[in-house]
Amino acid sequence: MPELPEAERARAQIEKVLGREIVAVDDRDTYVCRPHAPGEIADALIGHRLTKALRRGKFLWAETDDGPELGLHLGMAGKIVIDGEPHERWDRFVLEFADGSRMALHDRRRLGRALINPDFDHVGPDAAIVSRDVFRERVGRGSMPLKARLLDQRSISGVGNLLADETLWRAKLNPRRPAGELTTDELDHLRRVLRAATRDAIRKGGVHTGDFIKHRKRGAPCPRCATTVERATIGGRTTFWCPNCQP
DNA sequence: ACCTATGTTGATAC
DNA sequence: GGTATCAACATAGG
């Protein structure tokens with residue numbers, strides 16, 4: 001259930017297999033490996049080694065020694081598993097290395113991606129490291145609801161539904177506010193809170209573990225003021241917020 | 001049994 | 001162009 005924190009964890013997993021020669025690739029899932037035909041990714045990667053594991057927002061990629069780049073995305077339910085029990089049904093993309101080790105994109109939902117030479121032109125700067133000026137410019141514009149703007153990976157990347165709700169709650173900002181109407185001070189505050197919430201989530205191992213956001217259910221009380229939270233669809237996603245704290 | 005859901009992409013409509 | 005909505009993917013959980 002990945003957002004930026006889970007993607008960072010996956011990136012760290014990929015680092016473990018850097019430098020190992022790729023001897024086999026399972027790229028038979030034509031949906032996950034689209035637009036490639038079966039065997040295309042295998043032909044491009046076999047004989048090469050991954051040399052660097054990189055991430056922007058939720059998008060992952062690995063560089064190789066004189067070979068193409070390998071792009072990976074976890075979708076809604078994917079994870080990177082190193083040397084795990086092979087799973088025929090849910091291992092959607094697999095690399096096997098000369099030393100016998102194995103890296104799988106394990107994804108029950110099949111919404112993950114694996115592809116060669118991914119194009120990230122449309123992906124905005126990473127939410128965890130975006131500068132103050134760039135954040136002001138890219139987030140504080142347009143008539144879209146603030147929450148929808150945060151979820152738009154072209155504006156900034158890495159924020160998913162839960163991290164967006166948690167961040168707006170901490171920042172005491174209403175998810176329906178038109179993004180372009182925020183003041184500079186509000187945008188700066190939002191950026192600080194977003195970075196802090198992201199760091200917290202990475203430290204806790206992800207936004208879905210434990211109690212990252214407690215009030216995300218119908219009728220729940222706001223942890224700050226006990227007001228019953230509101231629920232609505234904003235930016236196409238279920239949104240919870242406190243009408244008292246986030247006016 | 002029915003409804004909802006963590007994400008992205010691409011099509012379509014205003 | 002900016003914004004909004006929906007379908008597609010496959011499974012789990014309430």
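Reminder, nothing fancy here: chain letters follow the sequence lines and each chain counts from 1.
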Point to revise | Validation row: A/Arg154, A/Val123 side chains within 4.5 angstrom (heavy atoms) | key: no
Check your understanding: When the P atoms of C/dA8 and B/dA1 are considered, how many whole Å apart are they?
Key -> 23 Å
Practice item. Kindly point out which of C/dT3, B/dG7, B/dT9 is positioned nearest to the side chain of A/Arg141? Key: C/dT3
Study note, to complete from the structure: A/Lys58 NZ to B/dT8 P, in whole Å, measures 4 Å
Review point. Taking the P atom of each, how far is B/dC3 from C/dC6, in whole Å?
Key: 16 Å
**Study point:** Audit row: A/Lys147, A/Asn161, side-chain hydrogen bond (donor to acceptor under 3.5 Å, both in side chains) steps and yes/no
**Key:** CA-CA 9 Å; A/Lys147 168 150 178 186; A/Asn161 201 25; 2.5 Å; yes
Check your understanding: Are A/Arg149 and C/dT3 close enough that a side-chain N or O sits under 4.0 Å from OP1 or OP2?
Key -> yes
Check your understanding: Given A/Leu72 and A/Met103, is the side-chain contact (heavy atoms from CB on, under 4.5 Å) satisfied, shown in steps?
Key -> CA-CA 12 Å; A/Leu72 294 167; A/Met103 182 183 97; 4.0 Å; yes
Point to revise | ILVMFWY clustering at 4.5 Å (side-chain atoms), partners of A/Val94 | key: none
Review point. Within the pair A/Arg108 and C/dA12, is there a side-chain N or O less than 4.0 Å away from OP1 or OP2?
Key: yes
Check your understanding: Atom CD of A/Gln153 to atom P of B/dT8: distance rounded to whole Å?
Key -> 4 Å
Check your understanding: When all nucleic acid strands are considered with a 4.0 Å heavy-atom cut-off, which category describes A/Gly142: base, sugar-phosphate, or nothing?
Key -> sugar-phosphate
**Study point:** Consecutive Watson-Crick or G-U pairs in runs of at least 3, all under 3.5 Å, in which DNA chain B is involved
**Key:** B:2-5 with C:11-14, B:7-14 with C:2-9
Exercise for review: Determine whether A/Pro68 and A/Asn117 make a side-chain contact, defined as any pair of heavy atoms from C-beta on separated by less than 4.5 Å.
Suggested key: yes
Check your understanding: So what does A/Arg34 hit on the nucleic acid, given a heavy-atom distance under 4.0 Å: a base, only sugar-phosphate, or nothing?
Key -> nothing
Check your understanding: Which nucleotide in the list B/dT9, C/dA12, B/dT8 gets nearest to the side chain of A/Trp90?
Key -> C/dA12
Check your understanding: Is there side-chain contact between A/Lys172 and A/Pro247, with heavy atoms separated by less than 4.5 Å?
Key -> no
Review point. Nearest of B/dT4, C/dT3, B/dT8 to any side-chain atom of A/Met144?
Key: C/dT3
**Study point:** Closest to the A/Tyr31 side chain, choosing from C/dA4, B/dT9, C/dA8
**Key:** C/dA8
Check your understanding: Touch check for A/Arg154, heavy atoms < 4.0 angstrom, all strands: base, sugar-phosphate only, or nothing?
Key -> nothing
Review point. Quick one: is A/Arg113 getting a side-chain N or O under 4.0 Å of the B/dT8 phosphate, OP1 or OP2?
Key: no
Check your understanding: Which nucleotide sits closest to the side chain of A/Pro145: B/dT8, C/dT11, C/dA4?
Key -> C/dA4
Review point. Which listed nucleotide (C/dA4, B/dG7, B/dT9) is nearest to the side chain of A/Phe59?
Key: B/dT9
Point to revise | Length of the line joining A/His122:NE2 and C/dG1:P, which is rounded to integer Å | key: 17 Å
Point to revise | Test of ring centre spacing under 6.0 Å for A/Phe240 and A/Trp169 | key: no
